[in-house]
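Only one structure is covered here, and it is reproduced in the block below.
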Amino acid sequence: MRATVKGRIAIFHPQGFLDGNNAPSFLTIDDIKATEALNIDMLLVSLKKVIFFNKNGLDVFIRLLDSIRSHKHIAVGLCDYDSAKFATINKFYGSTLTFSLFRTEKIAELFVPSNKNDSKTVLLYNEDASQRSAMAIELFDYGHNPVIAQSKKEFEEKKQNPDLYYAIIEETYLGLFGQKIATRVTGNAIIYTIANFLDAEITDTFNIAYHNNSLNVGFRLFIFDAYKVVSMNVHALNFFTKLASSAAEYNASICFVGLTFEKTPITFKNDLEDAGIMFFDQMEDILKNKELLQELGGSSATSSKHTRTLTKALIQELPGFIDATVSTIAMMTNAQALKEAMNIQTLEIKNPQNQYASSIGFYGDLDGMIILIFPKDIAKKACELLIGEENEDEEVILDSLAEFVNIIGGRAKALLGEKKHRVDITLPRTYANVDSLLEMAQHKKGVQVDLRFEGSNFIFFLTR
């Protein structure tokens, strides 16, 4: 089967039934090799004419697509499917999904670098916050204007005016993007999802580096969504006990929600409670109780005993970090930046009132943290661009600010990648009260850069 090529996208179009028996006859290794000579950025399989498929059939295609991605470094995945097919694909692959999914070819074209500068206004929604941010990063980088819906309700409302958008992006997934370990951030709490039988394998599947960097960024409340956990053994018990012990050094809280003890010894619960872990029946018991959130650390940040010094390697990348920050703010507010001062020091904020703050961490070949102090007027401008309208709701502004900082983090990650530094980024932690940030960062020494945007002061702080 030959791929059809449009622009920089090559697409295979199988027809009829797709299962383990006939899939190899649709697509062969020779067909894949024939695309190597093409100047393309993306290779997809269209499901438009596929009447039925099973996992064995898709696996044949995915293995072949992965074989070319590994050495040609292009995006691969599936496109042209309806909601039923999208649900089936997710059911087949779940958390192991590594390839991309584009509901239509038109949507796929938006994520191709060759279409850069052909600006389109699009409506974007994904229930996974990290996926939502990854898409926003890509779309902004390619010159588009994504209007990002923060909730399903907001998305459904904005969908009522389709003429405002070139495309409406839903049921789309960027492969090899997103932090699978954190399903979402709500009220500055990180929520992890665990399921089935928990044993020693959790030490391999749980991203402890991501968790530790989230602590360093300022997250203090971690919730394990355990509704689907059947049971656990002593190895998992020991893992969570150690996790709680390390969290205590940061004054952080760990909670389990929905965990039953029908097949798990009740003594395990006693041991976990002794370690400081709390148990709740429903997620709403925590998230809808603002006083409890405050008490558990979901609305504040406290400093840890850990202090780390700046490294020469990190300081060498400072210009790239600043460029990623300044260019993103300039692009989204149409304001030019003026650098006023740069010093190695502890974080100093002269007028903390009327400002918001956010922190985002990165780790891998390099590790550190970017802290940004936003005047509220700049934050509101960024919010207006992201959601497509003015909004005075502080919660909405802070959610938008998190998306905005994610875009900055994504750009910094891309710049480091160009220099062969492989890093991952945490989800951003936002602060309505700058004093809470200062509690977390008061002993951290870093590089502070004071900037000015249209008369407003803005602080960039790089630390570890």
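Start at 1 with the first residue, then count along the sequence.
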Can you spot which of Phe268, Phe222, Tyr227, Phe279 makes a ring pair (Phe, Tyr, Trp, His ring centres under 6.0 Å) with Phe256? Phe279
I want to check something: taking the side chain as every heavy atom from C-beta on, are Leu372 and Tyr356 in contact at a cut-off of under 4.5 Å? no
Walk me through it: do Lys380 and Glu392 pass the test salt bridge (charged side-chain N to carboxylate O under 4.0 Å, His left out)? CA-CA 8 Å; Lys380 287 178 181 178; Glu392 295 296 325; 3.0 Å; yes
If you count heavy atoms of other groups shown closer than 6.0 angstrom to CD of Glu157, is the number above 12? yes
Checking Ile194 against Leu198 for the side-chain contact (heavy atoms from CB on, under 4.5 Å) test, could you report, in this order, the C-alpha distance in whole Å, the side-chain angles of both residues, the deciding distance, and whether it holds? CA-CA 8 Å; Ile194 49 179; Leu198 305 180; 3.9 Å; yes
Mind checking the CE-CG spacing from Met232 to Asn238? Nearest 0.5 Å is all I need. 11.0 Å
So for atom CD, which belongs to Glu273, do other residues, nucleotides or ligands contribute more than 12 heavy atoms lying within a distance under 6.0 Å? yes
Check for me whether Lys263 meets the cation-pi criterion with Phe197, that is, NZ or CZ under 6.0 Å from the six-membered ring centre and within 45 degrees of the ring axis. no
Under 3.5 Å donor-acceptor, Tyr81 side chain and Arg103 backbone: yes
For the student: nearest non-hydrogen atoms of Leu110 and Ala167, plus distance: CD1-CB, 4.1 Å
Is there a side-chain contact (heavy atoms from CB on, under 4.5 Å) between His421 and Glu317 once you walk through the steps? CA-CA 10 Å; His421 295 306; Glu317 302 302 331; 3.4 Å; yes
Are any non-hydrogen side-chain atoms of Asn126 and Met135 less than 4.5 angstrom apart? yes
Decide if the gap between the ring center of Phe374 and the ring center of Phe404 is smaller than 6.0 angstrom. yes
Proximity of Tyr93 and Phe99 rings by center, below 6.0 Å: yes
Answer yes or no: does atom CD of Glu262 have more than 12 heavy-atom neighbours from other residues, nucleotides or ligands under 6.0 Å? no
Hey, is the main chain of Gly218 close enough, under 3.5 Å, to the side chain of Arg429 for a donor-acceptor pair? yes
